[in-house]
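Numbering starts at 1 and runs along the sequence shown. All figures in this text were calculated on a predicted structure; none of them were measured in a lab.
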Amino acid sequence: MAWSFSAGTAVYIQIARKIRRFVISGKYLPGEKIPTVRQMATDAAVNPNTVQRAFSLLESEGLIESRGTLGRFVTSDPEKVKRAREIEAASIALEFVREADELKISKAEIIKLIEEARNEHS
């Protein structure tokens with residue numbers, strides 16, 4: 001089944017974000033081989049060049065590494081994964097706060113909303 005993408009953000013960035021989340025969440029484990037460009041392009045129903053750009057971005061971040069003909073692997077460095085998690089969490093929080101500010105939601109209300117969402121999700 002093809003992945004879904006939203007307008008306004010380049011597809012390769014959306015693919016990189018999805019893979020980054022797979023790494024951060026542990027779906028792709030440290031040192032694990034990830035699917036090939038061709039396989040991921042087929043899964044996402046995109047051009048292989050788009051996946052290649054996403055992989056290049058993640059390689060520049062140090063989250064995945066190329067091992068020549070063996071393929072690409074998730075980094076084994078837990079600090080790189082931890083830092084990616086922190087950056088992703090901060091990005092999510094910032095986006096939420098911006099949206100809340102537009103709606104004139106107070107800090108106390110934001111905290112309450114987060115606590116309620118966490119309780120519903122758990």
Side-chain angles (χ1 to χ4, degrees):
M1 182 163 107
W3 298 0
S4 62
F5 300 104
S6 59
T9 304
V11 172
Y12 83 93
I13 292 174
Q14 293 178 64
I15 291 171
R17 186 172 192 200
K18 186 172 190 105
I19 297 167
R20 188 180 301 108
R21 286 184 174 202
F22 287 166
V23 171
I24 292 167
S25 70
K27 181 173 179 176
Y28 291 166
L29 299 172
E32 180 180 357
K33 184 175 180 179
I34 63 172
T36 64
V37 167
R38 191 174 307 272
Q39 181 59 55
M40 197 158 294
T42 299
D43 293 347
V46 298
N47 186 297
N49 292 331
T50 304
V51 174
Q52 179 59 48
R53 286 186 73 186
F55 281 4
S56 293
L57 178 61
L58 294 168
E59 285 176 8
S60 72
E61 294 174 7
L63 273 186
I64 65 172
E65 49 198 43
S66 178
R67 296 188 190 159
T69 58
L70 296 177
R72 288 185 174 83
F73 294 79
V74 175
T75 181
S76 295
D77 184 345
E79 285 303 312
K80 288 181 181 175
V81 176
K82 179 182 174 189
R83 181 70 183 134
R85 182 177 181 271
E86 291 168 351
I87 291 169
E88 188 71 13
S91 175
I92 292 166
L94 181 60
E95 181 63 25
F96 178 73
V97 170
R98 283 183 182 149
E99 295 283 333
D101 283 349
E102 274 188 36
L103 298 173
K104 307 290 189 226
I105 299 172
S106 70
K107 181 179 177 180
E109 290 174 304
I110 289 172
I111 293 169
K112 182 180 176 193
L113 287 168
I114 291 170
E115 288 173 344
E116 289 173 355
R118 177 58 96 170
N119 289 336
E120 286 180 27
H121 183 69
S122 298

One thing to verify: whether Arg17 and Glu88 come together as a salt bridge, which I'm taking to mean a side-chain N less than 4.0 angstrom from a carboxylate O. yes
Verify the neighbour count for atom CZ of Arg118: are there more than 12 heavy atoms of other residues, nucleotides or ligands below 6.0 Å? no
Under 4.5 Å between any side-chain heavy atoms of Ile110 and Phe96, yes or no? yes
Do Ile15 and Phe5 have side chains that get closer than 4.5 Å, going by heavy atoms? yes
For the residue pair Asp43 / Gln39, report whether a side-chain donor-acceptor contact shorter than 3.5 Å exists. yes
Measuring from atom NZ of Lys27 to atom CD1 of Ile19, what distance do you get when rounded to the nearest 0.5 angstrom? 11.0 Å
Test your reading of the model: is there a side-chain donor-acceptor pair from Gln14 to the backbone of Ser6, 3.5 Å cut-off? yes
Please determine if Glu59 and Arg72 form a salt bridge, counting it only when a charged side-chain N lies under 4.0 Å from a carboxylate O. yes
Rounded to the nearest 0.5 angstrom, the CZ-CD1 distance for Arg20 and Ile64 is 10.0 Å
With rounding to the nearest 0.5 Å, note down the distance linking OG in Ser91 to CD in Glu86. 13.5 Å
Check step by step if salt bridge (charged side-chain N to carboxylate O under 4.0 Å, His left out) holds for Lys112 and Glu109. CA-CA 5 Å; Lys112 182 180 176 193; Glu109 290 174 304; over 6 Å; no
If you define the side chain from C-beta out and look only at heavy atoms, does anything of Val46 sit under 4.5 Å from Val51? yes
